Amino acid sequence: MTQSELLSMASMVSDAADSIYEALRYIYFVSCEDFYSVNVKDIFKIALSNITDSTLLGNLGYKIYPEMTGDLKDPGFAAVKRLIKYAFAVRIPFLKKYIPPKGSFNDNDLKELFRIICDAGAQNLDGIITSDFKNNMKLLRSKDQEEPLFDTEWFKSWVYTHGKEFSVINNKNMFFLGCADALFPLYWASLSDKLLEKIEKSE
C-alpha cells in the first residue's frame, strides 16, 4: 500500500478514538441527567452510524456542559484517547484474516501502519493494555487462532486509577462502564470494516 493510504487508515483510527470519547461523554450525561428519558440505544445508533465523525451526537439536540461529564471534563483524563488508539492499533494484525493472502496489504504495511498510529499519539500508558502488537502478529500466523474478543479491562483500570467520580461504585458509574464494555467492541468491528474497505480499494 502507498504511504498516503496508510496515513489515511491511521487517521481513521484517530478519528474513531475521538468519536468514542465523545460517545462516552454523552453516555455519562445520560446516566446523570436523563437516565429514564433518553434511550442509550440512540447514542449507540448515531455514534456507530459513522465512527469517524465525532460531531454526529450533536444531532441529539442536547447541550452538554463539562460538569455533566464526570471525569471526562478533566483535561488530564483525555489522555485515555492515547490508550484507545493503542487498543485499536494492536489489533490491526487481525485484519489480515479477512483479506486474500496475496493481497497488497502485507506484514510490512501492518508494521508501518502501527508505527504511524503510534507516532500520531497512540500509547500504552502505564503498560495498562496487556494485548501486544508483536504477539498478535504471531497469533495471526496460527491458522486456527480466532481473533480474541475486545478486552476493555484496561479502560476500567484507567478509570479506577485516574478517575475520581468514575471510580466510585454507584448506579451511574456501573451503567457507564457497562455501556463502555459494549461500545468498544462495536467500534472496533465498525472500524475494521472501514479499514478493510480501504484495503480492498487499494487492490
Side-chain angles (χ1 to χ4, degrees), residues 7-34 38 40 43-44 46-60 62-92 113-131 133 150-170 172-188 190-191 194-195:
L7 286 168
S8 177
M9 291 172 70
S11 180
M12 288 179 184
V13 174
S14 293
D15 289 343
D18 290 338
S19 176
I20 200 169
Y21 193 80
E22 186 68 4
L24 291 170
R25 290 179 70 246
Y26 273 82
I27 287 168
Y28 195 74
F29 161 72
V30 167
S31 72
C32 290
E33 299 296 323
D34 295 282
V38 179
V40 75
I43 295 175
F44 276 59
I46 293 172
L48 291 167
S49 68
N50 184 352
I51 53 99
T52 57
D53 186 348
S54 61
T55 68
L56 286 179
L57 285 166
N59 294 328
L60 284 170
Y62 294 102
K63 182 69 173 178
I64 297 183
Y65 298 98
E67 59 269 20
M68 299 174 176
T69 59
D71 291 319
L72 293 166
K73 68 179 177 295
D74 181 355
F77 199 85
V80 76
K81 284 197 277 188
R82 291 178 175 268
L83 284 164
I84 296 171
K85 288 182 191 180
Y86 191 85
F88 289 150
V90 295
R91 299 183 72 88
I92 285 172
L113 180 56
F114 180 72
R115 182 194 67 76
I116 293 171
I117 296 170
C118 289
D119 285 349
Q123 188 177 357
N124 191 7
L125 300 168
D126 301 332
I128 207 168
I129 295 175
T130 57
S131 184
F133 179 81
F150 198 107
D151 180 16
T152 58
E153 287 305 309
W154 59 269
F155 182 73
K156 293 175 186 174
S157 295
W158 180 264
V159 163
Y160 292 132
T161 302
H162 298 277
K164 296 176 183 177
E165 296 181 48
F166 290 168
S167 60
V168 178
I169 296 177
N170 55 36
K172 64 183 178 182
N173 286 342
M174 293 302 99
F175 174 81
F176 173 77
L177 291 174
C179 286
D181 270 342
L183 196 62
F184 277 101
L186 291 171
Y187 256 76
W188 170 247
S190 184
L191 179 59
K194 282 184 172 291
L195 295 172

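All figures in this text were calculated on a predicted structure; none of them were measured in a lab.
In this structure, Ile117 and Ile92 have side chains that are in contact, with non-hydrogen atoms separated by less than 4.5 Å. Within the 4.5 Å cutoff, side-chain heavy atoms of Val40 are placed close to those of Phe175. Side-chain contact between Leu24 and Val80 is absent, with no heavy-atom pair separated by less than 4.5 Å. Phe77 places a side-chain heavy atom less than 4.5 Å from the side chain of Tyr21. Using a 4.5 Å heavy-atom threshold, the side chains of Phe155 and Ile128 count as separate. Looking at heavy atoms from C-beta onward, Ile51 lies out of side-chain contact with Ile20 at the 4.5 angstrom threshold. Taking 4.5 Å as the limit, every side-chain heavy atom of Tyr86 sits out of range of all side-chain heavy atoms of Leu125. Looking only at side-chain heavy atoms (C-beta outward), Leu183 and Phe44 come within less than 4.5 Å of each other.
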Practice task
Go through the steps for Asp71 and His162 under the test side-chain contact (heavy atoms from CB on, under 4.5 Å), then give the verdict.
Solution key: CA-CA 9 Å; Asp71 291 319; His162 298 277; over 6 Å; no

Exercise for the section: Under the side-chain contact (heavy atoms from CB on, under 4.5 Å) rule, what do Trp158 and Asp126 come out as? Steps first, then yes or no, please. Expected result: CA-CA 9 Å; Trp158 180 264; Asp126 301 332; 4.0 Å; yes

Practice task
Could you walk me through whether Asp181 and Lys156 pass the side-chain contact (heavy atoms from CB on, under 4.5 Å) test, one step at a time?
Solution key: CA-CA 9 Å; Asp181 270 342; Lys156 293 175 186 174; 3.0 Å; yes

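The line from OG of Ser49 to CG of Leu56 is 5.0 Å long, rounded to the nearest 0.5 Å. In this structure, CE on Met12 lies 7.0 Å from OG1 on Thr52, to the nearest 0.5 angstrom. Summarising the geometry, atom CD1 belonging to Ile43 is positioned 5.5 Å from atom CD1 belonging to Ile27; distances are rounded to the nearest 0.5 Å. Distance check: Leu48 CG to Leu191 CG gives 11.5 Å after rounding to the nearest 0.5 Å. Atom CG in Leu57 sits 6.0 Å away from atom CD1 in Ile46 (nearest 0.5 Å). Once rounded to the nearest 0.5 Å, the distance linking CZ of Phe29 with CG of Leu72 reads 13.5 Å.
Residue Phe88 comes nearest to Ala16 through the heavy atom pair CE1-CB, 4.0 Å, listed as atom of the first residue, atom of the second, then distance. The nearest pair of heavy atoms linking Asn124 to Ile129 is OD1-N, 2.8 Å.
A donor-acceptor contact shorter than 3.5 Å links the side chain of Ser167 to the backbone of Lys164. A donor-acceptor pair is defined here as one N or O able to donate and one able to accept, closer than 3.5 Å; no such pair exists between the side chain of Ser14 and the backbone of Ser11. Lys85 contributes a side-chain N or O that, together with a main-chain N or O of Ala120, makes up a donor-acceptor pair within less than 3.5 Å. Looking only at distances, no side-chain donor or acceptor of Ser19 sits under 3.5 Å from a matching main-chain atom of Asp15. A donor-acceptor pair under 3.5 Å links the side-chain atoms of Thr69 to the main chain of Pro66, judged by distance alone.
For residues 19-30, the salt bridge (charged side-chain N to carboxylate O under 4.0 Å, His left out) pairs, not counting sequence neighbours, are Glu22-Arg25. Screening residues 73-83 for salt bridge (charged side-chain N to carboxylate O under 4.0 Å, His left out) gives Asp18-Lys81, Lys73-Glu165 as the qualifying pairs, with residues at least two apart or on separate chains.
Judged as a ring pair (Phe, Tyr, Trp, His ring centres under 6.0 Å), and not counting sequence neighbours, the contacts of Phe176 are Tyr28, Phe166.
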